[in-house]
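One is the number of the first residue; the rest follow in order along the sequence.
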Amino acid sequence: MPRSPRTPRTSRTRRGGSGAAAPALALAALALLAAAPAPASAIPPPPPAAAAPATDPAPAGPSAFRLSDPRVIAHYSHEDGQTPENIALDPDGSAYLTFALARQVAHADAGGHTRVIATLPEAAPAQAPGAGAAAVTGIVRTHDGSLYVPYVTGTDRTGIHRIRPDGTVGLFARLPADGHANGLALDRRHGLLYAADSRLGTVWRISLHDASVTAWAAGAPLQPLTSTGANGIKVHHGAVWVSNSDRGTLLRIPVREDGTAGAVETHATGLAGIDDFAFAGDGKTVVAALPASDEVVLVRADGTRSTLLTRRDGISGPTSVAVRDGRVYVASASALATDKDPNLLVAAIEGAGRTEPAAAGPGAAHSGAAAAGTDEAGAK
């Protein structure tokens, strides 16, 4: 069990360099354990293409994809609960992070300078299923600057909370108190949120128009084997994609014309402890965080994989990945690491790989009012 978080202090920040840390299973296994502000600006441009990749690149060809110049731009305090679980990107390239165990949302600028912008209300008695402590998990950003986060408490405060641009926090949509909503995805075209419930093996659909909640998809492929089932989630080209941490699988669920869920398809297996992921381009290739083995990997359209980053590059129990404008952002929570170094890392992409606006499913009519917003990484 983690120590009770203290009031977080300003994050320790340095440019360049990387720290090694032992393998960790972060909020993909949260069920197992449970800043002076600075102006935002764009992340510096990627280095020249001649720079050496961080690890062995994927095979050459039209889909070649590799990373270079991995840099830890911010280090956080594990004992203060600053365990960055998920990322949403601002249009300027800065990042919003959820600090799971501190119940906080923070903003990191281009230099990694981090400030807390919201703290979720204390839930007493907080008895989050499987975790024993309240936790803030996924995050998305809509076009108006609002942030939406799942808050898991084991109480009637459990649900999707909204943080408005002025910093006010409120419960937007209630979810079951015995569940563990983890990843959160935005269908900007249809004004919908999708939340992956790691404990109940369910994908919840939440309308941004009226906050109505629907159990959109369920079944064995989404269920946990021991503790953590459905975890990371994205909307991409007419489907909702979900990772299952316990089963080590990446799943695709087509969205039918009427907005209902199609049959669950298995896209890749053998991804032990997979947490969050992001698409590396227009197709089915993804970059995925594997906290149990301290890796960030490329999962190709045929389901094969190659390693992009390891703890030698600075990651420390990576929990989430975001891709935008030729860069990969990785949040590490170090949940069970011996040398705990929760941090935020940025690397440049060489080869194919850009995010595109999240493609909504065909059923626009079912969603009510559409909410223009962000792409699947949380920025537009």
Side-chain angles (χ1 to χ4, degrees), residues 1-9 26-34 76-86 88 96-107 115-141 146-164 166-184 193-204 206 208 211-213 215 224 227-231 233 275-276 319-320 331 333 335 342:
M1 293 295 294
R3 295 174 58 183
S4 299
R6 301 199 302 265
T7 301
R9 57 177 177 262
L27 202 63
L30 184 61
L32 296 176
L33 54 89
Y76 302 111
S77 168
H78 189 277
E79 67 174 359
D80 289 339
Q82 295 178 328
T83 50
E85 168 61 17
N86 212 272
Y96 294 95
L97 305 170
T98 52
F99 285 159
L101 299 182
R103 313 189 324 272
Q104 293 176 331
V105 176
H107 178 263
R115 62 187 177 93
V116 172
I117 61 174
T119 300
L120 277 291
E122 185 174 2
Q127 297 176 344
V136 182
T137 52
I139 185 170
V140 298
R141 179 188 182 277
S146 295
L147 301 169
Y148 293 81
V149 297
Y151 185 33
V152 181
T153 70
T155 73
D156 60 4
R157 290 183 182 271
T158 296
I160 306 301
H161 287 243
R162 177 171 56 193
I163 303 165
R164 296 186 182 275
D166 64 4
T168 58
V169 180
L171 177 62
F172 178 75
R174 185 169 280 110
L175 294 175
D178 61 345
H180 190 119
N182 209 326
L184 190 66
L193 299 173
Y194 289 89
D197 194 313
S198 296
R199 182 177 175 86
L200 300 181
T202 300
V203 174
W204 304 103
I206 304 100
L208 287 173
S212 59
V213 176
S227 61
T228 308
N231 193 335
I233 188 167
D275 199 317
D276 189 35
T319 53
S320 57

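Shortest non-hydrogen contact noted between A173 and A211 is CB-O, 3.7 Å. Across every non-hydrogen atom of T119 and A102, the tightest pair is CG2-O, 4.3 Å. Heavy atoms only, all atoms of each residue included: A135 and Y151 are closest at O-CD1, 3.4 Å. Scanning both residues, S198 and A230, for their nearest heavy atoms gives OG-O, 2.6 Å. Closest approach of A118 and V169 over heavy atoms only: CB-CG2, 3.8 Å. Residue E85 comes nearest to S320 through the heavy atom pair O-OG, 3.1 Å, listed as atom of the first residue, atom of the second, then distance.
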Quiz item: Does the pair L208 and L193 meet the rule for a side chain to side chain contact (heavy atoms under 4.5 Å, CB included), with working shown?
Solution: CA-CA 7 Å; L208 287 173; L193 299 173; 3.8 Å; yes
Self-check item: side chain to side chain contact (heavy atoms under 4.5 Å, CB included) evaluation trace for H180 with T228
Solution: CA-CA 9 Å; H180 190 119; T228 308; over 6 Å; no
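Rounding to the nearest 0.5 Å gives a distance of 5.0 Å between CG of L97 and OH of Y76. To the nearest 0.5 Å, the span separating CD1 on I206 from CG on L175 amounts to 5.5 Å. The CG atom of D275 sits 4.0 Å away from atom CG of N231, with the distance rounded to the nearest 0.5 Å.
Side-chain contact between R199 and N182 is absent, with no heavy-atom pair separated by less than 4.5 Å. Within the 4.5 Å cutoff, no side-chain heavy atoms of V149 are placed close to those of L184. Inter-residue side-chain proximity for R174 and D156 is flagged as met; some heavy-atom pair is nearer than 4.5 Å.
Between the side chain of S77 and the backbone N or O of Q82, no donor-acceptor pair lies under 3.5 Å. When atom types are taken as modelled, the side chain of T158 and the backbone of G179 share no donor-acceptor pair closer than 3.5 angstrom. With hydrogens and angles disregarded, no donor-acceptor distance shorter than 3.5 Å links the side chain of T98 to the backbone of G138. Between the T319 side chain and the P84 main chain, a donor and an acceptor come within less than 3.5 Å of each other. Remark: side-chain polar atoms of R103 are paired, donor with acceptor, to backbone N or O of L120 under 3.5 angstrom. Not one N or O on the side chain of T83 forms a donor-acceptor pair closer than 3.5 Å with the backbone of F99.
Checked against side chain to side chain contact (heavy atoms under 4.5 Å, CB included), L147 has the following partners two or more places apart in sequence or in another chain: Y96, V105, I117, I139, R141, I163. Residues passing the side chain to side chain donor-acceptor pair (under 3.5 Å) test with D166 are T168, sequence neighbours excluded. Under the side chain to side chain donor-acceptor pair (under 3.5 Å) criterion, D197 pairs with W204, not counting sequence neighbours. Residues passing the side chain to side chain donor-acceptor pair (under 3.5 Å) test with T202, sequence neighbours excluded: none.
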